[in-house]
Amino acid sequence: MDGMETSNAEGMVVPDVPNGEEPGASQGSGLFSETNGDEEVDHWANPVKETGPDPHMTLSSPPHSEGGSRTNTNESDSAPATPSKETQQVTDNFPDDDDRDIDPANPTWARHEKHVFILSVAGKPIYSRYGNEDRLASIMGVMQALVSFVQEDGDQLRTLVAGKHKFVFQCQGPIILVMVGSMGESEKQMAMQLNYVYNQLIFVLTYSQLHRIFDQQINFDLRRMLGGTEKFIDSLLNMFDSNPSFFLGAVRCLPLPSSVRDKVGQVLLSSRCKDLVFALLVTDNQLVALLRPRKYSLHPSDVHLIFNNITSGASKFQSAELWMPLCLPRFNNTGFLHAHVSYVDEDCTTCLLLITNEKDSFYQLKDCRHKIVQILSSNGCLTEIAKAAALGGYHLNHIEIPDLWHFLYKSKSTSQFTAPVLDPPYNLPGEKERLFRRYQYVHHRIHSVARPLKIYYHVGQKETILGWVTFGFELYACFSPLVTKPAAINAVLRLIRWMKREEDGLFILSSLVF
């Protein structure tokens with residue numbers, strides 16, 4: 001933190017915003033599974049169990065083979081029997097091979113600010129963010145020994161602190177995940193990130209398959225099943241350090257005129273085929289529209305995993321079409337859904353996902369995709385989406401509030417958040433990261449398990465941040481370091497009024513269902 005800082009909300013009185021009248025409040029059926037802060041904390045703290053919203057929805061069973069790769073283990077998670085030449089699997093050269101093969105004895109390896117290790121309860125290496133897993137076998141063996149030693153006393157190892165480094169451990173059935181960080185993140189934030197990493201494994205394998213493998217062979221080398229998918233974990237870890245979606249537990253929507261968004265939604269609804277379960281239109285990790293069944297909804301963390309897998313594999317399928325098995329851990333972690341994934345514009349910025357529980361519906365979804373793209377092109381919606389994406393969002397000069405430099409706003413009822421474009425100085429890499437860390441810090445203080453707060457006022461050398469949490473929303477506003485408390489309160493009230501006027505374009509207020 002900065003050298004001269006105070007954190008004091010004493011004397012601050014902020015008027016209540018009536019429940020249901022906050023910007024972005026749900027109007028009708030919610031877009032995502034309903035969540036709240038306490039529920040999320042409990043979820044990240046506890047091991048994942050088997051989930052399944054409805055026994056009547058049949059998902060593709062995970063393969064029973066112990067070996068092979070994800071793309072050829074079983075017909076249930078492969079492409080159609082006779083795929084077209086347009087259908088491709090995603091193969092991307094990510095991450096940097098130098099970081100992957102670096103020797104742990106090299107001082108550069110130890111200087112990385114955040115390491116992540118995945119190993120089995122037998123001590124078998126599965127993944128390391130930096131360095132070759134085989135060279136790290138002895139280090140992971142020590143980690144496994146530490147966990148086992150504590151478990152022998154009927155306890156569970158969660159955190160170790162050594163100087164500026166924090167070691168966070170998470171045991172998920174047959175898997176041990178360890179994060180070593182020196183970035184000042186809280187234990188809860190690091191545990192949340194480890195849970196996402198674990199859920200990325202489930203996204204690829206399913207909970208049932210993962211546990212069955214280790215039930216049959218405790219020392220199985222899981223890398224045989226995960227070959228080529230390390231890039232998805234790497235991408236996820238990179239996003240943790242810059243994308244507030246994760247610690248907010250919310251999805252960002254593309255700012256778009258409501259008339260355009262309504263047209264897009266109606267096209268998805270009118271063009272759907274019999275086997276369609278979910279349809280998502282996405283651009284630049286922002287949601288444009290989502291179509292879902294009336295009795296099913298997605299959880300924000302599942303949407304984050306979908307976004308991550310699109311981003312990680314985007315460069316290699318572009319104009320092609322992908323048939324991808326995926327397991328959504330918070331929806332149903334016991335089996336696979338299948339997604340038809342493709343870009344729908346010439347610049348390959350807007351991606352359409354059509355998700356089904358039928359593994360043989362590739363061609364039905366392909367026809368559905370063709371119909372959707374044809375209509376969106378002819379009615380001008382794709383052009384409007386491209387314009388909105390090119391703008392990158394809205395700037396603070398549109399709001400005209402003195403001393404307000406940036407903000408994050410989350411609507412709890414819709415699990416969506418909005419934020420303006422980062423203007424100078426926060427558009428510089430170092431300043432952008434520093435502001436992100438400030439938001440993380442204030443979020444941690446407000447959601448402290450020991451002493452949760454409703455208002456937190458943090459004064460630093462370079463900026464002041466006001467955190468404000470109500471039943472309906474969370475707001476983190478960044479101001480000039482010289483702002484007064486009354487001025488900050490007046491500014492956030494003006495900001496709330498502005499967002500309420502513009503909410504139709506900033507949020508998806510009601511979900512399209514069928």
Side-chain angles (χ1 to χ4, degrees), residues 59-60 69-94 203-204 228-229 231-232 235 264-265 267-292 298 302-303 305-328 336-379 381-383 385-386 389:
L59 304 188
S60 298
S69 69
R70 179 191 178 212
T71 56
N72 62 12
T73 51
N74 181 281
E75 64 175 1
S76 69
D77 63 345
S78 62
T82 55
S84 69
K85 290 186 289 185
E86 295 173 334
T87 307
Q88 298 181 6
Q89 296 292 335
V90 177
T91 54
D92 222 346
N93 294 324
F94 185 93
F203 189 95
V204 174
T229 64
K231 63 186 176 185
F232 299 118
S235 172
V264 173
V267 171
L268 296 180
L269 184 61
S270 63
S271 304
R272 70 180 181 89
C273 60
K274 176 174 65 74
D275 293 334
L276 184 69
V277 179
F278 298 106
L280 296 88
L281 194 62
V282 178
T283 183
D284 191 25
N285 280 332
Q286 299 175 91
L287 185 65
V288 178
L290 186 153
L291 177 68
R292 65 174 181 83
L298 292 176
D302 286 341
V303 178
L305 292 176
I306 291 172
F307 284 5
N308 175 58
N309 282 261
I310 295 173
T311 302
S312 305
S315 63
K316 291 297 181 181
F317 62 91
Q318 294 186 350
S319 59
E321 299 175 20
L322 173 71
W323 186 239
M324 181 175 73
L326 52 87
C327 174
L328 301 179
F336 286 120
L337 294 167
H338 288 73
H340 182 283
V341 187
S342 64
Y343 281 98
V344 296
D345 58 341
E346 293 182 357
D347 296 330
C348 294
T349 57
T350 304
C351 185
L352 175 65
L353 291 93
L354 303 175
I355 300 176
T356 179
N357 61 324
E358 297 293 337
K359 65 182 181 182
D360 298 320
S361 295
F362 173 81
Y363 292 109
Q364 290 91 325
L365 296 188
K366 178 181 175 69
D367 292 341
C368 179
R369 182 258 183 197
H370 177 74
K371 185 188 298 185
I372 290 171
V373 174
Q374 193 173 42
I375 299 174
L376 291 180
S377 298
S378 62
N379 67 10
C381 285
L382 287 184
T383 301
I385 292 171

Rounded to the nearest 0.5 Å, what separation is found between the [atom1] atom of [X] and the [atom2] atom of [Y]?
| X | Y | atom1 | atom2 | result |
| --- | --- | --- | --- | --- |
| Leu280 | Ile310 | CG | CD1 | 7.5 Å |
| Cys351 | Tyr343 | SG | OH | 5.0 Å |
| Phe307 | Thr283 | CZ | OG1 | 10.0 Å |
| Leu354 | Asp367 | CG | CG | 11.0 Å |
| Phe278 | Leu291 | CZ | CG | 9.5 Å |
| Asn285 | Thr311 | CG | OG1 | 3.5 Å |

Legend entry - Identified side chain to side chain contact (heavy atoms under 4.5 Å, CB included) counterpart of Val344 within the set Ile372, Thr349, Thr350: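 So the option named by the test is Thr350.
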Inset, instruction - Apply the test side chain to side chain donor-acceptor pair (under 3.5 Å) to residues Ser235 and Asn308: give CA-CA distance (whole Å), side-chain angles for both, the deciding distance (0.1 Å), then the verdict. - result: CA-CA 7 Å; Ser235 172; Asn308 175 58; 2.8 Å; yes
Legend entry - Candidate list His370, Glu321, Arg369, test side-chain hydrogen bond (donor to acceptor under 3.5 Å, both in side chains), partner Ser342, passing option: Arg369
Locate the shortest heavy-atom distance separating [X] from [Y]; write the atom from each residue and the value.
| X | Y | value |
| --- | --- | --- |
| Lys366 | His340 | CA-NE2, 3.8 Å |
| Leu287 | Ala289 | CD1-O, 3.5 Å |
| Arg272 | Leu276 | CB-CD2, 3.5 Å |
| Ser361 | Trp323 | C-CH2, 3.8 Å |
| Cys368 | Ser271 | SG-O, 3.2 Å |
| Cys327 | Phe336 | N-CD2, 3.9 Å |

Inset, instruction - Answer whether the closest heavy-atom distance between the side chains of Val282 and Val303 falls below 4.5 Å. - result: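 No. Closest side-chain heavy atoms not under 4.5 Å.
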Inset, instruction - Please examine the side chains of Ile306 and Phe203, heavy atoms only from C-beta on, and report whether any two atoms are closer than 4.5 Å. - result: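 Yes, their side chains come closer than 4.5 Å.
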Legend entry - Partners meeting side-chain contact (heavy atoms from CB on, under 4.5 Å) with Ser377 (sequence neighbours left out): Val373, Leu382
Inset, instruction - Not counting sequence neighbours, which residues clear side-chain contact (heavy atoms from CB on, under 4.5 Å) with Cys381? List them please. - result: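 Partners of Cys381 under the side-chain contact (heavy atoms from CB on, under 4.5 Å) test: Val260, Lys263, Val264, Leu376, Asn379.
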Legend entry - side chain to side chain contact (heavy atoms under 4.5 Å, CB included) between Asp275 and Asp360, intermediate numbers included: CA-CA 10 Å; Asp275 293 334; Asp360 298 320; over 6 Å; no
Inset, instruction - Return yes if some donor-acceptor pair links the side-chain N/O of Ser270 with the main-chain N/O of Val267 below 3.5 Å, else return no. - result: yes
